[in-house]
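Have a look at the structure below, then the notes.
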There are 2 protein chains.
Amino acid sequence: MNLRERKKQRTRDALLRAALELFATRGYDETTVDDIAAAVDVSQRTFFRYFAGKEETAFFVPRLAEGLVVQALQVRPPDEAPLEALRRAVLESWDTISEAVEEIVPIDLHLRVYRVIESTPALFAAHLRRSAELEEQLARIIAEREGLDVDADPRPRIVVALFGGVIRVTERLWSAGDELSLAGMRQLTTTYLDQVGPALAGNWRTEQSP
Amino acid sequence: MNLRERKKQRTRDALLRAALELFATRGYDETTVDDIAAAVDVSQRTFFRYFAGKEETAFFVPRLAEGLVVQALQVRPPDEAPLEALRRAVLESWDTISEAVEEIVPIDLHLRVYRVIESTPALFAAHLRRSAELEEQLARIIAEREGLDVDADPRPRIVVALFGGVIRVTERLWSAGDELSLAGMRQLTTTYLDQVGPALAGNWRTEQSP
DNA sequence: AGGCTAGTGACAGCCACTGACAATTGACAA
DNA sequence: TTGTCAATTGTCAGTGGCTGTCACTAGCCT
C-alpha cells in the first residue's frame with residue numbers, strides 16, 4: 001500500500017470517527033460538515049470527496065452489517081424454513097459484526113450513534129429506506145432458495161416484510177431502553193421472533209404473552 | 001368565512017396544486033420552491049409560511065388518507081380479529097378518500113404524484129417514516145381493542161408490522177405497474193392480504209400461489 | 001531530477017430554509 | 001367613512017448541505 005493510499009485511508013477513517021463522535025455527543029443536526037472537517041483539519045470540500053453526504057457517515061456501520069446479513073442468508077441450508085433462515089442469518093451476522101468493524105469504528109461508538117439514528121427524523125427515514133432495500137434483496141434470495149419468481153409469487157416478499165417489521169419493532173424498543181449492548185439486542189430479537197406465531201394465531205384474549 | 005380567510009385558503013390551495021403539478025410533470029428534485037412560488041406569483045418566503053417545507057406539499061393527500069384510516073379503525077367492531085379489522089379499515093378509507101380530497105386536489109393528480117413519491121429516494125424515505133408513525137398509532141388502537149398494553153405485549157405491534165409490510169409491498173407493485181387507479185390498488189391489496197396465511201403456513205414448494 | 005497526476009484548498013454558486021423588519025392589506029370600532 | 005390595530009406579505013440577509021472549477025502541492029514513476 002502506497003504512502004498516498006495510506007494517507008487517504010487515514011483521512012477517511014479520521015473523518016468517519018470524528019463525524020460519529022460528534023453525532024453521538026452533540027447530535028446529528030447540531031453537527032455541521034464544517035465541524036467534522038475542522039475536527040480533522042481538512043477543508044469541507046475534502047469531506048465531500050470522501051463521502052457523498054453527511055448522512056453517509058452515519059450509516060457506515062449499518063452498511064457493513066447489511067452486507068453481512070445478505071452473505072449469511074446466502075449460505076443458509078436451503079431446507080430451512082424461510083423465517084428460520086432469516087432469523088439465523090441475522091443472529092449470525094451479529095456475531096461477526098464486531099470484529100468486522102472494530103478496527104475502524106469501536107462498536108460501542110456505533111451503538112451510541114444508532115440511538116441518534118433512531119431519534120433523528122431525517123436519519124430514521126433514511127434508515128427505513130435502507131431497510132426497504134435490504135428487504136428487497138433478502139426477498140430475492142428467499143425466492144431463489146424456494147425456487148420461486150419474486151415478481152410472480154407474493155410470498156417471499158410477505159415473509160421478509162413480516163420479518164423486517166419485527167426487527168424494526170425490536171430495534172426501536174432496544175434503542176429506547178438502556179440495555180445498549182449486542183447481547184440485549186439479541187435477547188429482544190429472539191423473544192420477539194418467538195412471538196410471531198402467537199401474534200398471528202388464536203385469540204389474544206385467552207392467551208397471555210410471556 | 002372572511003375575505004382574509006378565503007384569500008389565505010386560495011393561496012394555500014394554489015401553492016399546493018402548483019407544487020403537485022410540477023412534481024408530477026417535472027419531478028420532485030427538478031422543482032425548486034422558487035418555481036412553485038413563481039407559479040402562484042408569491043414570494044418564496046410566503047410558501048414557507050404555508051408549508052413547513054417542500055416535502056410537506058407532496059404528502060398532503062397521504063396525510064389526509066392516514067387520518068381516515070385511523071378513524072376507520074377506531075369504529076371497527078371490537079370482536080373482529082386484528083388483521084381483519086385493519087384490512088377493512090384500509091379498504092373503507094379508500095372509499096372515502098376521493099370525496100374527501102377531490103375538492104382540493106384531483107385524485108388523479110395525486111396518483112401521479114404518488115408515483116413520484118415511490119421513485120424519489122428522499123420522498124420514499126419520508127413516506128416510510130410516516131408509515132412507521134401511522135403503524136404506531138394503529139398498534140395502539142389494536143392494543144386498546146384487545147385490552148392489552150402496547151408496551152408490555154409485543155403482539156399488537158407485530159400484527160401491525162406485518163400488515164404494514166404487506167401494504168407497502170402492494171404499494172410498490174402498484175406504483176410500478178400501469179394500472180394506476182384506486183380499483184387496481186384495491187384489487188392488489190386484497191389478493192396480497194389473502195396470501196398472508198399461505199405465506200406463513202405450510203411448505204411453499206408443495207403449494208402454488210394463485 | 002523532473003515530469004505526471006492524484007489529492008487538496010480556495011472560491012463561487014445553487015437550493016432549502018429561517019429570522020428580522022418594513023410595507024401592505026383586511027378587520028373592526030368610533 | 002376613517003383611523004387604528006393586527007394579520008399577511010415581501011425583501012434582505014444569513015446558515016447549512018452540496019457541487020463545479022481551477023490552481024497548487026505532494027507523492028509517484030522513469
Side-chain angles (χ1 to χ4, degrees), chain A residues 1-16 18-20 22-23 25-60 113 116-117 120-127 129-130, chain B residues 1-16 18-20 22-23 25-60 113 116-117 120-127 129-130:
Chain A
M1 217 187 202
N2 267 344
L3 168 58
R4 241 212 280 255
E5 293 287 305
R6 268 176 288 147
K7 237 177 160 178
K8 261 209 304 186
Q9 188 68 37
R10 243 183 294 138
T11 310
R12 189 189 174 76
D13 292 356
L15 280 170
L16 185 59
L20 297 186
L22 284 167
F23 295 163
T25 58
R26 194 188 304 181
Y28 183 76
D29 292 329
E30 290 69 34
T31 303
T32 72
V33 174
D34 286 307
D35 291 335
I36 302 169
V40 183
D41 203 53
V42 295
S43 73
Q44 190 221 50
R45 196 65 183 85
T46 293
F47 172 90
F48 284 109
R49 288 200 177 96
Y50 282 99
F51 301 97
K54 198 168 100 168
E55 201 180 277
E56 199 178 291
T57 59
F59 288 105
F60 181 82
V113 171
V116 175
I117 292 178
T120 305
L123 288 182
F124 185 54
H127 174 57
R129 207 197 58 211
R130 295 173 129 290
Chain B
M1 218 188 203
N2 267 345
L3 167 57
R4 204 175 251 175
E5 294 286 306
R6 269 176 290 147
K7 237 178 161 176
K8 262 207 305 185
Q9 188 68 37
R10 243 183 295 137
T11 311
R12 188 190 175 76
D13 292 357
L15 281 170
L16 185 60
L20 297 186
L22 283 167
F23 294 164
T25 59
R26 193 188 305 181
Y28 182 76
D29 292 329
E30 290 69 34
T31 304
T32 71
V33 174
D34 286 307
D35 291 335
I36 303 169
V40 184
D41 204 52
V42 296
S43 72
Q44 190 222 49
R45 196 66 182 83
T46 294
F47 172 90
F48 284 110
R49 288 203 177 94
Y50 283 98
F51 300 97
K54 200 168 99 168
E55 201 180 276
E56 197 178 293
T57 59
F59 289 104
F60 182 82
V113 171
V116 176
I117 291 177
T120 305
L123 288 183
F124 185 54
H127 174 57
R129 207 196 58 211
R130 297 174 69 77

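Note on naming: letters A, B, ... go to the chains in the order of the sequence lines (proteins, then strands), and numbering restarts at 1 for each one.
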>> From CD of A/Glu30 over to P of D/dT15, roughly how many Å is that when rounded to an integer?
In response: 17 Å

> Would you say B/Tyr50 reaches D/dT9's phosphate, i.e. side-chain N/O to OP1/OP2 under 4.0 Å?
Replying inline: yes

> Out of curiosity, B/Leu123 CG to B/Phe59 CZ, how far, rounded to the nearest 0.5 Å?
Replying inline: 5.0 Å

> Of A/Arg49 and A/Tyr28, whose closest DNA chain D nucleotide lies nearer the 5' terminus?
Replying inline: A/Tyr28

> With respect to the phosphate group of C/dG26, does any side-chain polar atom (N or O) of B/Lys7 fall under 4.0 Å of OP1 or OP2?
Replying inline: yes

>> Between P on D/dA26 and CD on A/Glu5, what's the gap in Å once rounded to a whole number?
In response: 19 Å

> Nearest nucleotide by nearest heavy atom, which residue falls closer to the 5' end of DNA chain C, B/Gly53 or A/Thr11?
Replying inline: A/Thr11

>> Strictly by salt bridge (charged side-chain N to carboxylate O under 4.0 Å, His left out), give each pair with a member in residues 31-60 of chain B just once, sequence neighbours left out.
In response: B/Arg26-B/Asp35

> What is the distance from CZ of A/Arg26 to P of D/dG16, rounded to the nearest Å?
Replying inline: 11 Å

> Checking all strands, does B/Phe47 fall into the base, sugar-phosphate, or nothing category for heavy-atom contacts under 4.0 angstrom?
Replying inline: nothing

>> Just the rounded figure in Å: distance from C1' of C/dA16 to CG of B/Leu123.
In response: 14 Å

> Just checking A/Thr32: base, sugar-phosphate only, or nothing, at a heavy-atom cut-off of under 4.0 Å?
Replying inline: sugar-phosphate

>> Could you tell me if the side chain of B/Arg6 sits less than 4.5 Å from the side chain of B/Leu3, heavy atoms only?
In response: yes

> Could you give the distance from OG1 (B/Thr57) to CZ (B/Phe47), rounded to the nearest 0.5 Å?
Replying inline: 5.0 Å

> When the distance from CZ of B/Phe48 to C1' of D/dT15 is rounded to whole Å, what number comes out?
Replying inline: 13 Å

>> So, taking the atom named CZ in A/Phe51 and the one named CG in A/Leu15, what distance separates them when rounded to the nearest 0.5 Å?
In response: 5.5 Å

>> In this structure, how many angstroms lie between the C1' atom of D/dA13 and the CZ atom of B/Arg45, rounded?
In response: 12 Å

> Rounded to whole angstroms, how far apart are CG on A/Leu3 and P on C/dA6?
Replying inline: 16 Å

> If you check the A/Gln44 side chain, which of D/dC28, C/dA20, D/dT19 turns out closest?
Replying inline: D/dT19

> So does B/Lys8 get a side-chain nitrogen or oxygen closer than 4.0 Å to the phosphate oxygens (OP1/OP2) of D/dT8?
Replying inline: yes

> Is the distance from OP1 or OP2 of C/dG26 to the nearest side-chain N or O of B/Asn2 less than 4.0 Å?
Replying inline: no

>> Please tell me if A/Thr46 has a side-chain N or O lying less than 4.0 Å from either OP1 or OP2 of C/dG9.
In response: yes

> Which whole-number value in Å describes the distance from A/Arg6 CZ to C/dG7 C1'?
Replying inline: 16 Å

